[in-house]
Amino acid sequence: MLTFRCKIPRTTHRPLSHHLTTTTTTTTSPPPPQDAIAVLVLTTDPKTLTTTLEAHPVQWTPELVTGVFKRLWNHGPKALQFFDALDYHRAYAHSASAFDHAVDIAARLRRYHTVWALLARMRARRLGPTPKTFAIVAERYAAAGKPDRAVRIFLSMHHHGCSQDLKSFNTILDVLCKSKRVEKAYSLLKVFRGRFRADTISYNIIANGFCLINRTPRALEVLREMVERGLEPSLTTYNILLKGFFRTGQIKEGWDFFLQMKRRKCEIDVVTYTTVVHGFGVAGEVKRARKVFDEMIGMGVLPSVATYNALIQVLCKKDSVENAIVVFEEMLRKGYVPNSTTYNVVIRGLCHAGNMDEAMEYISRMKDDKCEPNVQTYNLLIRYHCDAGEIDKALEVFEKMGSGECLPNLDTYNVLISSMFVRKKSDDLLVAGKLLIEMVDRGFLPRKFTFNRVLNGLLLTGNQGFAKEILRLQSKCGRLPSQFRL
DNA sequence: GTAGGGTTAG
């Protein structure tokens with residue numbers, strides 16, 4: 001056990017009214033402007049997009065532009081076309097946040113030349129790049145398997161008119177940890193802790209990183225070192241460790257740690273309780289999860305929507321959907337507003353229990369609550385339709401997404417492509433090939449495994465010509481060993 | 001966009 005004392009600020013609770021729904025009058029309103037624009041971008045030839053956008057009767061604002069970016073998030077190339085086209089607009093100039101979005105998308109597409117050109121343009125217009133911009137670029141490099149570039153970018157920030165400080169240092173540590181490069185982050189901390197005056201947050205980031213890769217003992221070591229250096233652990237520190245124990249299945253250790261937190265008069269908060277409820281539930285200890293949930297209210301710590309989501313999920317998985325729905329209704333009665341995660345958890349539970357019809361009812365309930373189904377909602381519907389052998393229904397859902405309200409993401413394509421193999425129909429493999437081409441077109445990089453599967457399928461069903469086309473695509477994507485490049 | 005809790009699937 002750690003030998004440090006808690007010194008934690010009092011927990012503040014939001015009043016319950018914070019969670020209450022505001023009553024809205026139901027009117028049939030036209031689609032929000034960002035939806036219409038997103039569809040316009042998706043269907044317009046890029047060459048004429050600027051003219052089209054200038055003719056579009058709308059007041060351009062940074063908020064609207066952000067809305068369009070969100071809609072186009074899963075179609076990177078179109079999102080960048082939109083950015084460029086609007087950049088030529090006579091009466092509108094992009095904000096720093098629009099540049100950040102564009103940088104994010106270009107980096108995700110691994111168009112690094114575009115990224116650096118955008119950074120230069122930001123600088124020329126005195127819009128940045130800001131520390132946030134660098135955080136985005138570093139994160140994308142780390143996610144693309146280039147953690148060293150991420151570090152170099154952080155170290156070169158000041159060459160781009162952006163100062164380095166403890167905040168940006170902690171950001172780069174977090175970026176490395178979130179891409180599982182925890183050892184690298186820890187080395188960086190050791191090298192620069194003096195220069196940037198590393199604080200509790202820096203160490204919390206590293207400890208959390210080790211917990212994320214299931215190395216809780218190492219997290220403990222890091223925190224011991226932190227204390228030896230005279231830094232005070234915070235409640236966040238304890239919550240990180242607590243979650244670490246439960247993550248690695250150390251239920252006993254987690255529970256003991258929780259008891260010790262209470263004994264030492266830590267101001268245990270809603271995050272602590274949610275961690276324990278979830279931890280117990282995942283371990284199959286549903287009764288204990290519930291007991292902790294009941295206890296927190298008695299202790300004057302109100303559950304949040306996330307706490308309810310944890311409990312509902314756990315009941316779905318380890319108990320029954322029926323009991324989960326009882327809790328869902330109870331949370332509504334108490335005035336909480338479920339979010340899309342809540343709905344997704346319930347809907348997934350229903351699907352898993354084979355109750356597709358009731359799942360669909362919850363989808364309409366979701367819409368009635370002004371909580372639009374998101375890409376995860378669609379993905380889980382597609383997944384469960386496929387599992388039920390109803391491939392056509394899955395494709396139907398997919399078609400609906402494509403119309404622009406919610407563009408498919410990488411998961412959607414992966415699930416759907418896998419399902420094209422279950423019926424052993426030659427036509428399905430052609431669809432799989434088409435999906436593969438479409439996903440690349442939209443800036444997603446299929447795994448080698450996906451390419452090979454589709455290729456084999458096409459070859460076995462006598463579609464040699466199409467297979468060749470896919471092979472060329474794979475080569476273009478750099479997903480072939482170099483000796484096989486076409 | 002300086003850290004911690006809730007959505008995925010073997």
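Just so it is clear, the structure is predicted and the values come from calculations on it, not from any experiment. Letters A, B, ... mirror the listed sequences (proteins, then strands); counts begin at 1.
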Heavy atoms under 4.0 Å, any strand shown: does A:Lys167 hit a base, just sugar-phosphate, or nothing? base
Side-chain N or O of A:Arg383 versus OP1/OP2 of B:dA9: is the shortest distance under 4.0 Å? no
For A:Met157 versus A:Ser168, what's the shortest heavy-atom pair and its separation? CE-CB, 4.0 Å
More than 12 heavy atoms from other groups under 6.0 Å of NZ on A:Lys262: yes
Can you find an N or O donor on one side and an acceptor on the other, under 3.5 Å apart, linking the side chain of A:Ser304 with the base of B:dG5? yes
Do A:Asn339 and B:dG6 have a side chain to base donor-acceptor pair shorter than 3.5 Å? yes
Would you indicate what A:Thr275 reaches in the nucleic acid, counting non-hydrogen atoms under 4.0 angstrom: base, sugar-phosphate, or nothing? sugar-phosphate
Is A:Lys243 close enough to B:dG6 that one of its side-chain N or O atoms is under 4.0 Å from OP1 or OP2 there? yes
Please list all pairs passing the side chain to side chain donor-acceptor pair (under 3.5 Å) test where one or both residues lie in residues 132-145 of chain A, with sequence neighbours left out. A:Asp100-A:Thr133, A:Asp104-A:Arg140, A:Trp116-A:Tyr141, A:Thr130-A:Thr133
Rounded to whole angstrom units, what separation is found between the CG atom of A:Leu315 and the P atom of B:dT7? 13 Å
Ring pair (Phe, Tyr, Trp, His ring centres under 6.0 Å) between A:Phe83 and A:His94, worked out: CA-CA 8 Å; A:Phe83 180 87; A:His94 276 309; 4.0 Å; yes
For A:Ser340, report the nucleic acid contact type (base, sugar-phosphate, nothing); a contact means any heavy atom under 4.0 Å. nothing
For A:His160, does the NE2 atom sit with more than 12 other heavy atoms under 6.0 Å from it, leaving out its own atoms? yes
Are A:Gln313 and B:dT7 close enough that a side-chain N or O sits under 4.0 Å from OP1 or OP2? yes
A:Asp387 CG to B:dA9 P: how many Å, rounded? 10 Å
With the side chain of A:Gln376 defined as its heavy atoms from C-beta on, choose the nearest nucleotide among B:dG1, B:dG5, B:dT7. B:dT7
Quickly work out the A:Tyr343 OH to B:dT7 P distance and round it to whole Å. 18 Å
What is the separation between atom CG on A:Asp165 and atom C1' on B:dT2, rounded to the nearest whole Å? 9 Å
Does A:Thr171 make a side-chain donor-acceptor contact with the base of B:dG1, cut-off 3.5 Å? no
Kindly say if A:His278 contacts the phosphate of B:dT7, meaning a side-chain N or O under 4.0 Å from OP1 or OP2. yes
From the set B:dT7, B:dG1, B:dA3, return the single nucleotide nearest to any side-chain atom of A:Ile201. B:dA3
Under 4.0 Å, heavy atoms only, any strand: does A:Asn344 hit a base, just the sugar-phosphate, or nothing? base
Please determine, for the side chain of A:Lys317, which listed nucleotide (B:dA3, B:dG6, B:dT8) has the closest atom? B:dT8
Check step by step if ring pair (Phe, Tyr, Trp, His ring centres under 6.0 Å) holds for A:Phe192 and A:Phe154. CA-CA 12 Å; A:Phe192 289 114; A:Phe154 164 70; 7.2 Å; no
Where the side chain of A:Val305 is concerned, which of B:dT2, B:dG6, B:dG5 is the nearest nucleotide? B:dG6
In whole angstrom, what separates A:Leu235's CG from B:dA3's C1'? 11 Å
Which of B:dG6, B:dG1, B:dA3 is nearest the side chain of A:Thr274? It is B:dG6
Rounded to the nearest Å, what distance is computed from the CG atom of residue A:Asn309 to the C1' atom of nucleotide B:dG6? 5 Å
In whole Å, I'd like the distance from the CZ atom of A:Phe293 to the C1' atom of B:dG5. 13 Å
Out of B:dG1, B:dA9, B:dT2, which has the shortest distance to the side chain of A:Asp104? B:dG1
Among B:dG5, B:dG6, B:dA9, the one nearest any side-chain atom of A:Tyr384 is B:dA9
A:Leu381 has an atom CG; how far is it from atom P of B:dT8, in whole Å? 14 Å
